[in-house]
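Worksheet for the structure shown next.
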Amino acid sequence: MHPAPFPATVLMVTTTVASAADAQRLAAGAVGERLAACVQVEQIASHYVWKGRPHDEAEWRLACKTTAHAAPALCAWLRAQHPYEVPQLLAQPVQASEDYAQWVTEQVQAAPGD
């Protein structure tokens with residue numbers, strides 16, 4: 001019997017911003033603060049209603065890989081640094097290879113206060 005290909009779990013916290021500059025600032029800050037091991041940034045198209053008006057705009061999505069232990073601090077940091085009045089902050093557990101999950105844990109465990 002072979003071991004499960006994805007035996008471990010990491011948490012992926014996502015948010016969106018309106019500019020590449022804000023995306024880069026938040027990504028670098030989250031990694032620099034050791035709240036996320038890795039942040040991937042991608043441009044997306046968002047369709048939504050805000051204050052009664054429909055919007056169709058370019059945004060940048062940040063996918064932050066972290067641990068369940070570090071996620072509350074990451075979300076608090078993102079909220080404090082975020083340019084939006086109501087930032088999207090979503091978290092979902094994702095299955096990961098054991099070595100990748102270990103690397104994520106090592107990166108965020110070194111965070112100040114841990």
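All heavy atoms count here, side chains included; hydrogens, waters and symmetry mates do not.
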| said: For Y84, give me all partners under side chain to side chain donor-acceptor pair (under 3.5 Å), at least two apart in sequence or on another chain. | reply: E59
| Does Q43 have any side chain to side chain donor-acceptor pair (under 3.5 Å) partners at least two apart in sequence or in another chain, and if so, which? |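 So Q43 forms no side chain to side chain donor-acceptor pair (under 3.5 Å) with any residue.
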| query | Hydrophobic clusters join Ile, Leu, Val, Met, Phe, Trp and Tyr when side-chain heavy atoms are under 4.5 Å apart, directly or via other members; which others share one with L90? | reply |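 The other cluster members (ILVMFWY side chains, heavy atoms under 4.5 Å, direct or chained): none.
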Could you tell me the separation between the [atom1] atom of [X] and the [atom2] atom of [Y], rounded to the nearest 0.5 Å?
{"X": "T16", "Y": "E42", "atom1": "OG1", "atom2": "CD", "result": "11.0 Å"}
{"X": "L62", "Y": "Q88", "atom1": "CG", "atom2": "CD", "result": "10.0 Å"}
{"X": "S46", "Y": "R61", "atom1": "OG", "atom2": "CZ", "result": "7.5 Å"}
{"X": "T9", "Y": "Q95", "atom1": "OG1", "atom2": "CD", "result": "6.5 Å"}

Please say yes or no: joined through hydrophobic side-chain contacts below 4.5 Å, possibly via intermediate residues, are [X] and [Y] part of one cluster?
{"X": "V31", "Y": "Y100", "answer": "no"}
{"X": "L11", "Y": "V104", "answer": "no"}
{"X": "W103", "Y": "V108", "answer": "no"}
{"X": "W60", "Y": "L89", "answer": "yes"}
{"X": "I44", "Y": "V41", "answer": "no"}

Closest non-hydrogen atom pair, [X] against [Y]:
{"X": "A23", "Y": "V17", "value": "N-CG2, 3.5 Å"}
{"X": "A8", "Y": "S97", "value": "CB-O, 4.2 Å"}
{"X": "V39", "Y": "A30", "value": "CG2-CB, 4.2 Å"}

| message | Quick check on E57: does its CD atom have over 12 non-hydrogen neighbours (other residues, nucleotides or ligands) under 6.0 Å away? | response |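 Check passes, neighbour count above 12.
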| request: Answer whether the closest heavy-atom distance between the side chains of V94 and F6 falls below 4.5 Å. | output: no
| query | Is the shortest heavy-atom distance from the side chain of L78 to the side chain of P87 under 4.5 Å? | reply |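 L78 does not reach P87 side chain to side chain.
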| query | After noting the C-alpha distance and the side-chain angles of T66 and L35, does the key distance pass the side chain to side chain contact (heavy atoms under 4.5 Å, CB included) rule? | reply | CA-CA 7 Å; T66 191; L35 297 169; 5.7 Å; no
| remark: Residue set satisfying ring pair (Phe, Tyr, Trp, His ring centres under 6.0 Å) with W50, at least two apart, ordered chain then number -> none
| remark: Residue pairs meeting salt bridge (charged side-chain N to carboxylate O under 4.0 Å, His left out), one or both in residues 6-19, sequence neighbours left out, come to none
| Residue pairs passing the salt bridge (charged side-chain N to carboxylate O under 4.0 Å, His left out) test where at least one lies in residues 78-97, sequence neighbours excluded | K51-E85
| request: Answer yes if the side chains of Q102 and E106 hold a donor-acceptor pair under 3.5 Å, and no otherwise. | output: yes
| said: Go through it in stages, so that I can follow the logic: the residues are R25 and Q81, the test is side chain to side chain contact (heavy atoms under 4.5 Å, CB included), and I'd like the CA-CA distance, side-chain angles, deciding distance and then a yes or no. | reply: CA-CA 9 Å; R25 176 180 61 81; Q81 299 294 319; 3.7 Å; yes
